[in-house]
Amino acid sequence: MTFKCRHCTENLNDHILDLGHQPPSNNYLSKDQLNLAEFTYPLKVFICSKCGLVQLPEFLKPEELFTKNYAYFSSTSSSWCQHAKSFVEKAIKKLNLNKNSKVIEIASNDGYLLQYFIKENIPCIGIEPTKATALESRKKGIKTIEEFFNSKMANSLEKVDLLVANNVVAHVPNINDFMKGICTALKNEGLASIEFPHLLNIVKYTQFDTIYHEHYSYLSLIAFKQIALHANLDIIDVEEIPTHGGSLRVWLAHKNTFLISNNVNKIIEIEKSLKLTSIEGFKNLKNNAKKIKIQLLNFLLKAKDNNELVVGYGAAAKGNTLLNYCGINYDLLELIVDKSKSKQGLYMPGSHIPIIDLAKLEEIKPDKLLVLPWNLIKEISYQQKIFNLYTAIPKLQLHK
Ligand SMILES: [Zn+2]
């Protein structure tokens, strides 16, 4: 079976990494489901030889992945809320937003970001297809449309001064239509701010665990610029930000309405030098992922030998990619603690490791904690000072 590029429809022949067959990363299981069949899908990443877009073929539709039980609530992470707060302050100044302005956020989750616009009396609307998070968002007083964003629905919206879309472009199979919708939603002088994990860091720091079925695309600025232009949007500026292991915040506007900052070309030149739009730029990724697998397995086996208890910290989706790629089950890692109530009592997909309340940690007294959401290590180190914290990516490491 040959897949086609979701941007330019070229046949996809070159794959850069194969993480085996895996269940969807956010399909946390109840105890009853442990006795049923569990579906897995190939987790094999391709690069388009024509436009350079790195992508997963669409095995699962967004409707199958972002269900009513979708368990990710953005507000759970205090550092992510802080990030949102600083963005809102910056955006209000940059765009001179006031009570007459209009703001929309696509994939507004539980209102982690729009709550700060509400506090400033700036009218805003959230678009969020998953029921549980949309409900939380409404509790914060945010008008929330419970739908997937696309060009058709964009036509029915009032045009906005600012459109925010953080960590969602990668989640969209029909990326061309999504970008077309953004173009439609913006006022003539309106701006869109889009954040996504930068492909450059995924390669540089072997962040292969950010690859899972929900993430259909892995974006370089070069590939994203082409996709934006195809939708009549210019990338007018770009910032490198530390979230999710290194992301880009890209500012977009209608074509030929604003001057384009030098920052755009600067990053494009770096990407060119690393050959991020051809298979050549990814030749070390497979071996580096394998090294991480061996290190992590050695770490867990050695701990077993020494009768040390290692507990996982944070039942993050990326943890599922890591554990399932490494073939780690509940016999090697018996427990994972998580502070999110919606995950407690459930089991990790594939590995079937039970997830328990973070509060139990003091009682269990593990010898070592393996932090799965390594992007939050600073926040977690601060909260869990008495434990030995380890992360596996980009290499196995103790955080003191
Ligand atoms: Zn392509």
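When a ligand or atom number is given, it counts from 1 through the structure's own listing order.
- By the neighbour-count criterion of 12 heavy atoms within 6.0 Å, atom CG of Asn262 is sparsely surrounded, having that number or fewer from other residues, nucleotides or ligands.
- Vertex the Zn ion (ligand 1), arms ending at SG of Cys5 and SG of Cys48: the angle is 110° after rounding to 10 degrees.
- An angle of 120° is found at the Zn ion (ligand 1) between Cys8 atom SG and Cys51 atom SG, rounded to 10°.
- Under the 30°/60° scheme for interplanar angles, the aromatic rings of His15 and Phe46 are found to stand perpendicular.
- Considering Phe178, Tyr218, Phe196 as possible partners of Phe224, the one that fulfils the ring-ring contact (aromatic ring centres under 6.0 Å, His included) test is Phe196.
- For a distance bound of 2.8 Å, the N, O or S atoms of His7 include none lying that close to the Zn ion (ligand 1).
- Cation-pi geometry between Lys119 and Phe117 is not satisfied (NZ or CZ under 6.0 Å from the ring centre, within 45° of the ring normal).
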